[in-house]
Amino acid sequence: MRIVRLTDETKQNLLEDLLKRSTNDYGDYEKVVADIIENVKTRKEDAVFEYSLKFDKCTTTRETFQVTREEIDAAYQELDAHFIKVMCDSAANIRTYHEKQKRSSWFDAREDGTILGQKITPMQNVGVYVPGGKAAYPSTTLMNVVPAKVAGVPNIVMTTPAGADGKVNPATLVAADIAGVSTIFKAGGAQAIAALAYGTEMIPKVDKIVGPGNIYVALAKRAVYGHVSIDSIAGPSEILVLADESATPRYVAADLLSQAEHDELASAILVTTSETLAQKVSEEVDGFLRVLERREIIQKSLDNYGYILVAPDMETAIEAANEIASEHLEILTQNPFDTMTRIRNAGAIFLGEYSSEPLGDYYAGPNHVLPTNGTAKFFSPLNVDDYVKKSSIIAYSREALEKVHEDIELFASREGLTAHANSIRVRFEAATD
């Protein structure tokens with residue numbers, strides 16, 4: 001891996017490199033996505049089936065579009081019992097963590113008859129997109145569905161592409177069943193997002209769409225935002241390891257590569273105060289590259305977006321970490337909890353050398369759907385609040401309103417909104433006549 005001195009200039013160059021991975025730089029795909037969305041809006045299932053055949057080589061009909069209970073039961077038979085138990089344990093951990101995020105409606109009543117409050121209502125229909133193709137993502141299924149169930153969403157519709165044989169990956173189906181998905185449809189890509197956003201004869205229109213996908217999925221989600229809500233526009237995966245001389249080089253190297261293997265756009269960055277650690281980590285990376293299966297993808301990722309940054313002190317290293325605002329941040333310092341208190345921007349923070357990033361991906365419980373590409377400065381991980389709506393409650397008695405009605409009328413009149421002022425004034429006409 002390249003080793004670079006951390007300066008204002010090198011930090012700025014790195015940030016500019018990382019921003020090149022944004023979906024805003026893929027305008028060439030937008031017309032393709034727009035055409036797909038319009039076709040699905042107009043022709044519904046017929047358009048979805050045509051795109052499934054074109055892109056996934058899968059022949060789909062109205063009879064085979066929805067996954068049946070028999071297909072789910074068959075999927076259980078294809079998996080070993082131990083893996084099913086692991087998924088159940090993971091789902092339980094995710095559920096326990098997210099249950100702590102639940103909020104209740106509240107009401108504040110005063111003696112003068114004023115009642116203020118907030119009513120929290122789960123969304124009715126949520127669409128979950130789960131990628132398919134050559135890979136299976138049961139963990140993504142659990143992370144997107146379980147918080148929705150905890151929030152109380154009654155109808156969760158999942159779309160995921162089937163293979164050329166018309167089958168969905170069995171691990172994905174079992175994870176969906178464990179998590180509590182209501183219905184599953186065999187559709188992928190931008191056409192699945194359009195179907196969820198606008199509805200078809202078989203797929204109900206949803207209120208929100210969550211879940212990751214390729215550039216077509218990301219652009220489709222961006223295109224339908226406003227007609228429905230979305231979780232975020234997920235970018236390529238990224239990890240930043242913040243370490244001092246106490247870190248174990250082999251662990252650091254392994255953790256960096258755990259994200260670099262996702263794809264060529266993934267980012268793996270080490271920021272350290274130790275030149276010795278930097279050199280040893282680079283050597284360990286070279287050793288791992290000789291034996292890891294996805295070495296070609298990893299190498300391209302490291303060539304494009306892999307860095308080892310050597311900082312003059314920990315304060316400078318921490319400031320760089322806050323500027324990069326990584327999706328995953330591992331802190332491998334002598335006192336990681338103290339270091340963590342100075343971190344402002346990160347999607348998920350992993351403390352200590354036995355809290356490696358895959359622990360969060362699969363098992364610990366916190367959500368692995370995280371802000372990417374610097375958006376951790378203003379976005380949060382997927383959570384229960386993403387599946388509920390908050391309504392303000394306002395109730396005033398005549399006594400309570402009478403005390404303040406002239407103030408409200410003044411405010412409205414100063415804005416030139418006389419009908420607003422009149423709406424309050426008419427309630428006290430008798431008192432002023």
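What you are looking at is a predicted structure, and each value in this text was computed from that prediction instead of being measured.
- No donor-acceptor distance shorter than 3.5 angstrom exists from the side chain of Thr141 to the backbone of Ala175, with no hydrogens or angles considered.
- Using a cut-off of 4.0 Å between Lys/Arg side-chain N and Asp/Glu carboxylate O, Arg342 and Asp338 are scored as salt-bridged.
- Applying the ring-ring contact (aromatic ring centres under 6.0 Å, His included) test to Phe65 and every residue at least two apart in sequence or in another chain returns Phe49, Phe185.
- At distances below 3.5 Å, not a single donor-acceptor pair connects side-chain atoms of His328 with backbone N or O atoms of Ile239.
- Going from atom NE2 of His368 over to atom CD of Glu357 covers 9.5 Å, rounded to the nearest 0.5 Å.
- Arg398 and Asp112 are not joined by a salt bridge, as no carboxylate oxygen comes within less than 4.0 angstrom of a charged side-chain nitrogen.
- Between Tyr216 and Tyr29, the ring-plane angle classifies as perpendicular under the 30° and 60° cut-offs.
- With a 6.0 Å radius and a threshold of 12 heavy atoms from other residues, nucleotides or ligands, Lys377 has its NZ atom above the threshold.
- With hydrogens and angles disregarded, no donor-acceptor distance shorter than 3.5 Å links the side chain of Ser423 to the backbone of Ala419.
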Practice item. Applying salt bridge (Lys or Arg N to Asp or Glu O under 4.0 Å), run through Lys57 and Asp165 and close with a yes or a no. Key: CA-CA 8 Å; Lys57 312 303 180 201; Asp165 59 0; over 6 Å; no
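- Of the charged side-chain nitrogens involved, none lies within less than 4.0 Å of a carboxylate oxygen, so that Glu71 and Lys167 do not count as a salt-bridged pair.
- Taking 4.0 Å as the cut-off between side-chain N and carboxylate O, Lys221 and Asp231 count as a salt-bridged pair.
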Practice item. Begin from the C-alpha positions of Arg222 and Glu30 and carry the test salt bridge (Lys or Arg N to Asp or Glu O under 4.0 Å) through to its verdict. Key: CA-CA 10 Å; Arg222 190 170 72 181; Glu30 289 179 348; 2.5 Å; yes
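- A salt bridge links Lys208 with Asp386: the closest approach of a Lys/Arg side-chain nitrogen to an acidic carboxylate oxygen falls below 4.0 angstrom.
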Which pairs would a plain distance check flag for residues 102-109, meaning a side-chain donor or acceptor within less than 3.5 Å of a matching protein atom at least two apart in sequence or in another chain?
| residue | atom | partner | partner atom | Å |
| --- | --- | --- | --- | --- |
| Arg103 | NE | Asp385 | OD2 | 3.3 |
| Arg103 | NH2 | Asp385 | OD2 | 2.6 |
| Ser105 | OG | Ile120 | N | 2.9 |

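- Atom CD1 of Ile84 is separated from atom CD1 of Ile178 by 7.0 Å, given to the nearest 0.5 angstrom.
- Looking only at distances, no side-chain donor or acceptor of Ser326 sits under 3.5 Å from a matching main-chain atom of Leu329.
- The OG1 atom of Thr60 lies 7.5 Å from the NZ atom of Lys186; values are rounded to the nearest 0.5 Å.
- For the residue pair Gln334/Ser246, the side-chain donor-acceptor check at 3.5 Å is not satisfied.
- Ion pairing between a basic and an acidic side chain is recognised when a charged N comes within 4.0 Å of a carboxylate O; Arg344 and Glu319 show such pairing.
- Of the possible donor and acceptor atoms, one in the side chain of Asn144 sits under 3.5 Å from a partner among the backbone N and O of Thr140.
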